[in-house]
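Reviewing the structure listed below.
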Number of protein chains: 2
Amino acid sequence: MAKISKANITISDIAESAGVSKATVSRVLNSPELVDEKTREKIEKVIKENHYSPSATARNLSKQISSTIGVIVPEISNTFFGELFEGIEEITNKNNLSLLYCSNDDNKEKDFKALDMMRTQRVRGLIYIPAVNYKELGLLKQVQQRLDGLAGPVICVDRSIGLRCDEIYFNDRKAMYEAVKALAVDGHKRIAIINGSKQNVLAEERHNGYIDGLKESGIEVDESIIFRGDYKYSSAYSMTKQMIKLENQPTAVITCNNSISKGFLKAIYETGKSIPDAYMHIGLDKIEMLNLLGIPYNHIERDSYELGKRAVEILINRIAFPETKLQQVVLQAELELQTCRLVKM
Amino acid sequence: MAKISKANITISDIAESAGVSKATVSRVLNSPELVDEKTREKIEKVIKENHYSPSATARNLSKQISSTIGVIVPEISNTFFGELFEGIEEITNKNNLSLLYCSNDDNKEKDFKALDMMRTQRVRGLIYIPAVNYKELGLLKQVQQRLDGLAGPVICVDRSIGLRCDEIYFNDRKAMYEAVKALAVDGHKRIAIINGSKQNVLAEERHNGYIDGLKESGIEVDESIIFRGDYKYSSAYSMTKQMIKLENQPTAVITCNNSISKGFLKAIYETGKSIPDAYMHIGLDKIEMLNLLGIPYNHIERDSYELGKRAVEILINRIAFPETKLQQVVLQAELELQTCRLVKM
DNA sequence: TGGACATATGAAAGCGGTTTCATTGAAGAA
DNA sequence: TTCTTCAATGAAACCGCTTTCATATGTCCA
């Protein structure tokens, strides 16, 4: 029972040093109640003395399952996803699961590569935010095939593109509908929208909510104030500049994620205009700093930390009970209007 | 060569279906030049038809190395770390390495747990931001032991606590020194600092830089305007409130990370004061939105995306050449004073 | 006293790959 | 023609762990 002088200590070393078989050591590790107390204590002592820690690789291979959960996310530096990720981590950590991370940059090729990696890594389950609207592109089958090839179940988060798996997302359409209605009630008749591309499901959802709201309020759809870019700061910035030059100005603007909102605000402030004097504005997702500084910021609030936590819980449940019916969980996005002043008419 | 009807296709299935041995299939996967073209094509066809993807688990076990890099980070929702993480991901992705993520919440217990997990997972290398200043706590040996027990090398990022491994961090002390000097040159004699706790190395570095700057400028150190909290928003907020009540007010304030800066700003704005009228202010790390909105924000700029990229490069290099001398890379933090107005004296 | 049963342990197979070593056949050299 | 060399492949061991199955020992009861 002397210290083992070796770089990589294995279960065999421990067994030998303790004078027992590998099987017994393995039992101490996995179901200690099966082994005699004296034997167990002896083995535990050897394990401790040598700082032995069993290899997850070997264990996973042997058990035919891994202890890691995969996550595929667009971009982690957007705080919406950053907080989502923290929510995920809280729960996986509690359950002693590791997290394998991959970003897809809203990009089909990277997304496929990420899925392949998750396959190769045989993750126990996958938390998946699809990069693009594969349904629209006619690639749904290809993606589904990849999901089916995974070792574990998948939960599709933040957007629904028609994949055969559990889903959890916010009710963006309804929230947009309500945003438009709130603006209409305040007297706005020309409500612009700056949105992501048609390839993005969420953009479509939001677009539809916008249309719903207009119709309900008896406002005619005007294509000239419907802007579609790519959910990125820079495209929103240039579209806003474009909008500012329009002859027939909107009186209110809705921006469809926080990067777009930032690009929009940048363009506005650069031009010397201000919110809400130039335009009434409602953004999607909060922008923490604005709130902190007391700058009015009407927005649709979505708690992504909660989204992350719930997603993992559903996934873990699915792993435990693979055969139960697939579920779609819809979280409510809340319209937070802090300073929705009336417009002069 | 018919389609294999089976859930988990293994290398043996492929071998059988192609009428060759496992060894040959393995060669096609790893060193195709060793196998005859015809055989190779046949095998590749079978692989493709069956969507076979080799198990990383099995491969890792067999090769005795894994293909994943571990990352231990305080909190991913702080954009400093978010961008750091994206930098990391860019390089690992290029090198076909997976990323195993773990947060430590600036918390010793979680940090140790994370290290143990990295050990168990046998990561190929580790990117490590230590939770606390273990040197100060007398726990350096324990941590070093954990690092030594890992399967691969470690790079310690963003702070140096005296661990035996490669390191990369910003020259915070110098940047702080320069910040203080710039304020002194502008006529400030009472410069407050809101900082993290003494347990945090970075906080100490920054503190020292602050003291250096005061001394160099012939300003006496005044403990009553040196605030120490925990690098969190809320503690900064309450310390600022406390500061505002002080009889002998400072004329300038330095805040030592972006969470502290936010807490500080919140308290300031809430009190109806404004920057830079109430206090001249220099923060550490940028706050993106302020810049966007044209709100003046003097700060020390640290490019964490770059930090992440460099860290992985060093780590990969270390994996390739384990015996070369350990390196310490110091990146320069840049003082960005956008509107450093003179104070009335 | 002997048989049934429970408890504690070990031997060995298996997880899905890689790698070493041996074997085979063909090409080139003598 | 025979010997050498090399390219292509397969058999089998191995990586570190889990798990099944068999065995040994002890306990209980008839």
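Protein chains get the first letters and strands the later ones, always in sequence-line order, with residue 1 at the start of each. When reading the values below, keep in mind they use all heavy atoms of this one structure, side chains included, and skip hydrogens, waters and symmetry mates.
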Roughly how many Å is it from CG in Asp36(B) to C1' in dC6(D), rounded to a whole number? 14 Å

Can you check nucleotides 22-28 of chain C for protein contacts, nitrogen or oxygen pairs under 3.5 Å, and list what you find?
none

Look at the rings of Phe85(A) and Tyr101(B) and say which category their plane angle falls in: under 30° parallel, 30 to 60° tilted, over 60° perpendicular. perpendicular

Separation of dA8(C) P from Lys42(A) NZ (nearest whole Å): 14 Å

Minimum heavy-atom separation for Leu315(A) and Gly125(A), please, with both atom names. CD2-C, 3.9 Å

Could you tell me the separation between the CD1 atom of Ile43(A) and the C1' atom of dG10(C), rounded to a whole number of Å? 12 Å

Within the structure, does a side-chain N or O atom of Thr24(A) lie under 4.0 Å from either OP1 or OP2 of dT9(C)? no

Regarding Glu83(B) and Ser77(A), do their side chains bring together a donor and an acceptor under 3.5 Å, going by distance alone? no

Please report the closest heavy-atom contact between Pro54(A) and Arg122(B), naming both atoms and the distance. C-NH2, 3.8 Å

Looking at Leu150(B) and Leu115(B), what are the two nearest heavy atoms and their distance? CD2-O, 4.0 Å

At their closest point, which heavy atom of Cys102(B) faces which heavy atom of Met118(B), and how far apart are they? CB-CE, 3.8 Å

Spacing between Lys38(A) atom NZ and dT7(C) atom P, to the nearest angstrom: 18 Å

Kindly give the heavy-atom pair with the smallest separation between Gly82(A) and Ile76(B), and that separation in Å. O-CG2, 3.4 Å

When the distance from CG of Asp13(A) to C1' of dC15(D) is rounded to whole Å, what number comes out? 13 Å

To the nearest angstrom, the CG-P distance between Leu34(A) and dA6(C) comes to 15 Å

Between Glu90(A) and Lys94(A), does any side-chain N to carboxylate O distance fall below 4.0 Å? yes

Take nucleotides 11-18 of chain C nucleotide by nucleotide from the 5' end and write B, S or -, depending on whether a protein heavy atom sits under 4.0 Å from the base, only from the sugar-phosphate, or from neither. B--BBBBB

Looking only at heavy atoms, what is the nearest atom pair of Gln121(B) and Ser67(A), with distance? NE2-OG, 3.7 Å

If I take atom CD1 in residue Ile47(A) and atom P in nucleotide dC17(D), what distance separates them, rounded to the nearest angstrom? 10 Å

Using five pairs at each end of the helix from dT1(C)-dA30(D) to dA30(C)-dT1(D) to define an axis, what is the angle between those two axes, to 10°? 50°

Flag the pair Gln142(B) / Phe112(B) as yes when at least one side-chain heavy-atom distance between them is below 4.5 Å, and no otherwise. yes

Is Val312(A) close to Glu89(A) at the side-chain level, that is, under 4.5 Å between some pair of heavy atoms? no

